[in-house]
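Okay, structure first, notes after.
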Amino acid sequence: MDLTLTEMHRALRDEVNAFIARHRDRAPRPGGGRKRPDRKVLEWQALLLESGYFGRNIPREYGGFGAPHDVIEVAIIADAFSRSGVSPGIHNQGISMLVPTLLEVGTEEQKRRWVGPTIRGEAIWCQGYSEPGSGSDLAAAHTRAAVDDGFFVINGQKIWTSSAHYADMMFLLCRTEPDKPKHAGLSYLLVPMNTPGIEVRPLRTMTGRAEFNDTFFTDVRVPVDQIVMGRGDGWQVANITLKYERLLLGDANKLQNRFEAIRRMMQEPRPDGSRLLDCAEWRDRLLRLQGEVMAARYHNLRLLTDQAEGVDSGLGRLIVKYHGTMLAHRLTSLAVDVLGSAGLAYEPQGEAAEDDPATTWHIDYMYDIGLIIGGGSSNIQKNIIGERGLGLPREPKVGRA
Amino acid sequence: MDLTLTEMHRALRDEVNAFIARHRDRAPRPGGGRKRPDRKVLEWQALLLESGYFGRNIPREYGGFGAPHDVIEVAIIADAFSRSGVSPGIHNQGISMLVPTLLEVGTEEQKRRWVGPTIRGEAIWCQGYSEPGSGSDLAAAHTRAAVDDGFFVINGQKIWTSSAHYADMMFLLCRTEPDKPKHAGLSYLLVPMNTPGIEVRPLRTMTGRAEFNDTFFTDVRVPVDQIVMGRGDGWQVANITLKYERLLLGDANKLQNRFEAIRRMMQEPRPDGSRLLDCAEWRDRLLRLQGEVMAARYHNLRLLTDQAEGVDSGLGRLIVKYHGTMLAHRLTSLAVDVLGSAGLAYEPQGEAAEDDPATTWHIDYMYDIGLIIGGGSSNIQKNIIGERGLGLPREPKVGRA
Amino acid sequence: MRFGLTEDQKLFDHSLRGFLSARLPLDVLRRLAEPGNGFDAGLWKGLGELGLQAMLVPEEYGGAGLGLLDAALVAEALGFHAAPTPFAASQVMALRAFQAAADDVQRRIWIPRIAAGEMRIGVGLGGMSGQTGRAALRFQGGRLSGAVDGLLDGGGATHFLVYLADGRAALLDADATGITATVRRSVDRTRPLVDLDLAETPAVELLEASNAPLQVAARVRDAGRVMLAADMLGAAQAMLDRAVAYAKERVQFGRVIGSFQGVKYMCADMATMLEPCRAMVWYAAYAQDAILEEAAIAANHAKAHLAEVTREVARLATEVHGGMGFTDLLGLHFQFKRITFDRQVLGTSERCRHDAAVAQGWIGA
Amino acid sequence: MRFGLTEDQKLFDHSLRGFLSARLPLDVLRRLAEPGNGFDAGLWKGLGELGLQAMLVPEEYGGAGLGLLDAALVAEALGFHAAPTPFAASQVMALRAFQAAADDVQRRIWIPRIAAGEMRIGVGLGGMSGQTGRAALRFQGGRLSGAVDGLLDGGGATHFLVYLADGRAALLDADATGITATVRRSVDRTRPLVDLDLAETPAVELLEASNAPLQVAARVRDAGRVMLAADMLGAAQAMLDRAVAYAKERVQFGRVIGSFQGVKYMCADMATMLEPCRAMVWYAAYAQDAILEEAAIAANHAKAHLAEVTREVARLATEVHGGMGFTDLLGLHFQFKRITFDRQVLGTSERCRHDAAVAQGWIGA
């Protein structure tokens, strides 16, 4: 255990803070992610990459900064951006999920072709996993791709493709070997979204917004080399991507940011001059959550260390998604209660409405349930934790119900 | 809905209160149940029976008071004894579980023979259900009874027999039809505990006390007419008994008594003069539990009405054990926290120690977990609620693991 | 003598639910909810024909003279179907305010109009309810100035009943001079919140015939809290019923998902939490009319407890539906948001529990 | 530069656990725990040989100069094995009190004796810790009178360190005149609570060399809270490990019970709650030495959070074992009671969270 800052760490911290102070006017609003990055976002991203505050550990040959892994450095940078409220750069599915997957199992050519444009925000990816009939049971995917003259020809339907309406590319899980057993018949393809035969229809959720899409494939042709690993390896690759998705979904920095925002709300005087933080029953509720968020943060530091040292955290990693999404929902539950009836006003359609903290908390209160369900529902997570994490036996197989 | 008191109800209330005031010196300490009732307990029980404050709705020919069912009357009597802190009579497994079972499916002769002595506290029963290999899976019982010359000859072992060391009788679930399927091979026998071949060994629990026993059967002979319903009907009879056990375990009056006791603790001034009830975080915790206890109490009134009207409450009844035992444990959790370190002193062996509220709360805190497990664990309860209460499909059968 | 519904109550409940079920299929609900003002003239008329607007009104004023338990059954059914119509404030709280604090003349004028369904009354309790938002009113020379936020049942209202800090209540005509009513569409599209800005608005009536106006206001508030508890009960029951039905149908991993203990236990947990709530709501409603010494305690605990339980049920029922539960498609979210709305208005759980402690004399007001 | 244990720490942990595992099989634990005084001379000697008594003592006084993170690993291992021995108060809190508030002479006399394992020091913080019970002491002319309840590590103690209300601490010889030490066997048979009655008992030393005695006392208390958090972590981890092992073995309904989602999810829930607690305990311990501005917040939250989580784990792990978990037979209850004890002493969760709020300046002390 060594969390003391070396001279170099102190220098980095000062440097990041100075960077933020000097350039914060050039930064876009934090958040976003529901639209294609605009020029301001792209320029900011380029500046962050060049300064080593984004993609810090990604090798230079793939467009990153190429610094060696250092947990404290990563924590220092995240902390400085979080406290200042300045955008830490783009976080989308391509960056958080596809890039680490390619770095882990992609070919040299795939890494050179895709990592750079993706982390620069130029190539936007969406995820083609879930289907109407297979939500939790991803490996039951029916979308099929038959080989014809050097091309995969894709037919089928995906749902929950979150940025399909403006994405350039999709990483797609589909069935290429229909004669093989369920898990062995899948492949992981990289599909340009402008390929003829792809139709994207917006999917409205309980929040009132259309954060997701249905995506339909009719004879969509992609060259056979647009595959990660080999034919029939799709389930393996998809699980690597899911691993990164689940870490993203349980993100401790997000929990910390939320907690701080709620604390600030409770510290603000209400119309009658009193503060909710002075009411012991409310304060205790906040404190309980603070304790849980702290545990999540320190746990995250432990995982980052494991990652830097090339150690698989095992159980410690497997719990993150379930733990983080449930805790996030409990945080937003407190937030909406703090807002009381004043938080109910809600106009989700307008761009401006998203700046209203009350509206945002209520969107999050619902969206969090989507995150509990998405990326492997809580029950799926508990299966994984129990079976892979604790070594408990699987549910016995039964015949078709 | 009619909870208004008629003139007759008011008269009953006054009468009960007057009875308590007049006779309270003759009443034994409430609780007990870990020893054979002594003369004082038996005399008090006789007085309650004769006055119609116990066994009120049991027909006269079986030794009860024979009053028609009336929810309000039952509530009035329970409430008066609860508020006064005076013993409402004996509650043991014979009275709460065997008597209603016999009244439901026993023969006329069985009712005449056993109900009276049992409710008078003269005949003490213990329950022979669980076995070392079959805790949750009761129907897997291996204890067998073969017929020989007009007798069942019993061999095997039961655990969790709670008053076996002083009981007169056991109601025993055992396998009499080894060739039939699991659930169809059982019978429900009434076994005198003084029959040769029965050995009782105390079983110490986590509380430090021996509230239960292991009971061993070696060639124990009971006449073949000592059976409730017929051979192979044991699982059906056992389930009737379990129904009453589960209502007993989730008892709303007990929850209410506990809540009131904790409220009184929190209202008492501490050494520094402050009261825990004035600390909003503690008060809110108590209030949350008060709300839950209220829901349980009103729900119980609803069940009593159904019972009086001969309606099966279905789901409403099936949830009682799980709901009540979990809530009870949360109540004792608050109680031990209220006591703080002062509650830790613990001498469970002495008789006097049981008068110490601190000790008692810590015993209950652990014993409550036993009650969550016993009488069908929470998982078993959730299966029952889901399958019988909500009509969800059963777990598919699989071959031996 | 018995704790349960009468045959009459069961029949009425049955016909009301039949009506709502036929009248509010999902596509109609979507259309009615879109404007978000919580009022539809056709639905209002139909509910009037079923007797909803006159049910609590004493017979002498042309009503059915029923009690709050009957009203709770209505609120539960409205919550179950997420019906976008005024009721809790307009037909229950406002009527109770008139009964307890109006003088004879006022009663004779207004109560028959309520019974006839001619009035829809948005009610604002301001700070007394524990709601957040503005609540600063001046009453002088028969005119009201200032602002009060978050009136209930204020969409499509003909009148507003607003409480002053001293417990008196002023009845305003929705079309009066100096009145600006902002109807705020809420998370729950089936009911809005209304903010009033008042500039020398003339009061039609002032309800001040009670000797204990603050106590009367608290009773009106408690009646409203019971109605919201019942509404939450209905909405949560609908979500549970649908989750159970979905779990019996949906197949994953080659099995109906309800056969997995994971899903089964979620349903069992919901049922275990929710089932005792029904008796609690009944009791709390009944107590408002018949067991006055327990009325405040029961009402406050019912609101708080239902809010806690139904929040869990709302989440779990959505989870059982998986991704589909999170979409707009199934319309499950109407009940989800109904629960959210009920929880947040007329005081959050913490506030209601605080009021329950006050009602028991544990602490000062 | 890294968040994790060093190779040295892992080795030490491994050898300590090996020792405890060999030394405390269930039958031995039963025997040692029966008197309930939390002390066994043989075990004490063995742990001394492993270096437990000198580990935190600076090298200049004959110790190993390790930090609180090392001590937390020890506390975790002791909790895992429910070891009936003084440690948290005797070897950590007392030593820290000497380091922070003893003068040079006092240090030179006493700290080497602590390192040598010659002293076992029961510590009483009285009201400062949030413990219930008596805490009224008068100090006059070098003598102490009055009473203080609930000292930790007081079984088999050679000395007692008791805090006065002003934050100074008096060291008493256990055999001194006027001292009555009542060793109360507790729910947790592996550690007792000691009540002291004092009548003009001479103090051996008075620790008063600090300029901010109340702050020092709070730091001693916080170090104790971290040790208890670590102890709970170990005890809960032992219960979880055993529940998982049992779930892999026990057959019901023709299947290993761990293959049922019902049981599997209980285990998954326990692991999900407990796993992040390990990093929290490490951080809280490390912060006491190296990140002083976060030390109080981290210590108080660690104690409170671990208490909440391990209470749940204790119940769930017992439930997974079914009836067997409730018996005395498996000895699972030793860890259950260890958790109970740790939660109830040095301040309950509500108190620790309150102290965390104070440490952040949210409210006054």
Side-chain angles (χ1 to χ4, degrees), chain A residues 130 132-137 139-140 159-160 203-212 270-272 276 279 281-282 285 326 329 333 336-348 359 362-363 365-374 377-380 382-383 395 397-401, chain C residues 36 127 129-136 149-150 184-189 191-193 195 250-257 259-263 266 307 311 314-315 318-319 321-330 332-334 336-337 340-341 343-351 353-354:
Chain A
S130 293
S134 60
S136 286
D137 189 7
I159 54 171
W160 303 115
L203 175 63
R204 216 150 83 112
T205 73
M206 68 189 293
T207 70
R209 306 184 306 184
E211 299 102 333
F212 298 94
R270 292 179 294 177
D272 67 356
L276 221 41
C279 302
E281 70 275 37
W282 287 93
R285 220 177 131 188
M326 292 296 287
H329 183 64
S333 296
V336 298
D337 288 355
V338 165
L339 287 163
S341 54
L344 292 169
Y346 184 64
E347 289 302 334
T359 304
H362 265 288
I363 292 176
Y365 179 64
M366 291 183 276
Y367 197 77
D368 279 349
I369 295 178
L371 296 182
I372 288 172
I373 295 167
S377 69
S378 288
N379 281 357
I380 296 291
K382 284 189 268 196
N383 284 336
E395 191 88 356
K397 291 272 178 223
V398 290
R400 297 280 133 176
Chain C
S129 67
Q131 280 194 190
T132 44
R134 302 171 302 166
D149 283 353
R184 290 190 288 147
R185 221 158 59 140
S186 80
V187 168
D188 170 20
R189 285 285 191 269
R191 285 162 307 165
L193 286 169
D195 293 348
R250 169 81 169 173
V251 174
Q252 291 274 279
F253 304 101
R255 281 166 58 181
V256 168
I257 62 169
S259 72
F260 284 106
Q261 286 186 335
V263 172
M266 288 164 97
R311 159 176 269 167
R315 175 178 61 77
T318 307
E319 279 193 59
H321 282 83
M324 283 305 287
F326 181 58
T327 65
D328 172 70
L329 293 168
L330 299 180
L332 195 69
H333 61 86
F334 283 108
F336 184 99
K337 294 165 180 173
T340 296
F341 183 94
R343 186 183 62 243
Q344 301 300 133
V345 300
L346 284 190
T348 55
S349 300
E350 275 78 7
R351 167 65 181 246
R353 285 192 291 267
H354 175 90

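Note on naming: letters A, B, ... go to the chains in the order of the sequence lines (proteins, then strands), and numbering restarts at 1 for each one.
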Any Lys/Arg nitrogen of C:Arg353 or A:Glu281 sitting under 4.0 Å from an Asp/Glu carboxylate oxygen of the other?
no
Separation between CE (C:Met324) and CG (C:Leu330), nearest 0.5 Å, reads 4.0 Å
Sub-4.5 Å side-chain heavy-atom contact between C:Asp149 and C:Gln131:
no
Give, as side chain, backbone, both or neither, the part of C:Thr318 having an atom under 4.5 angstrom from any heavy atom of chain A.
both
Against chain C, label A:Arg285 side chain, backbone, both or neither, depending on which of its atoms sit under 4.5 Å from a heavy atom there.
side chain
Under 4.5 Å heavy-atom distance to chain A, tell me which part of C:Phe336 shows up: side chain, backbone, both or neither.
side chain
Chain A heavy atoms under 4.5 Å from C:Thr340: which part of the residue, side chain, backbone, both or neither?
both
Based on non-hydrogen pairs under 4.5 Å, which of A:Ile369, A:Asp368, A:Asp337 is most in contact with chain C?
A:Asp337
For A:Phe212, is it the side chain, the backbone, both, or neither that has a heavy atom closer than 4.5 Å to a heavy atom of chain C?
side chain
Work out which heavy atom in C:Gly323 is nearest to a heavy atom in A:Trp160; give both atom names and the distance.
O-CZ2, 2.9 Å
Decide yes or no for C:Val187 and A:Met366: does some side-chain heavy atom of the first lie under 4.5 Å from some side-chain heavy atom of the second?
yes
When C:Gly150, C:Gly322, C:Gly133, C:Ala314 are compared by non-hydrogen pairs under 4.5 Å with chain A, the top option:
C:Gly322
Highest number of heavy-atom pairs under 4.5 Å with chain A among C:Arg351, C:His333, C:Glu350, C:Gln344 belongs to C:Gln344
Taking C:Lys337 for the side chain and A:Met206 for the main chain, is one N or O donor matched with an acceptor at less than 3.5 Å?
yes
Go through the steps to decide whether C:Phe253 and A:Glu395 satisfy the test side-chain contact (heavy atoms from CB on, under 4.5 Å), and finish with yes or no.
CA-CA 11 Å; C:Phe253 304 101; A:Glu395 191 88 356; over 6 Å; no
Relative to chain C, which segment of A:Asn379 carries a heavy atom at a distance below 4.5 Å: side chain, backbone, both, or neither?
side chain
What part of C:Met266 gets within 4.5 angstrom of chain A, counting heavy atoms only: side chain, backbone, both, or neither?
side chain
Heavy-atom cut-off 4.5 Å, strictly under: side chain, backbone, both or neither for A:Ile380 against chain C?
side chain
Give the C-alpha distance, both sets of side-chain angles, the deciding distance and a yes or no for side-chain contact (heavy atoms from CB on, under 4.5 Å) between C:Thr348 and C:Arg343.
CA-CA 6 Å; C:Thr348 55; C:Arg343 186 183 62 243; 5.9 Å; no
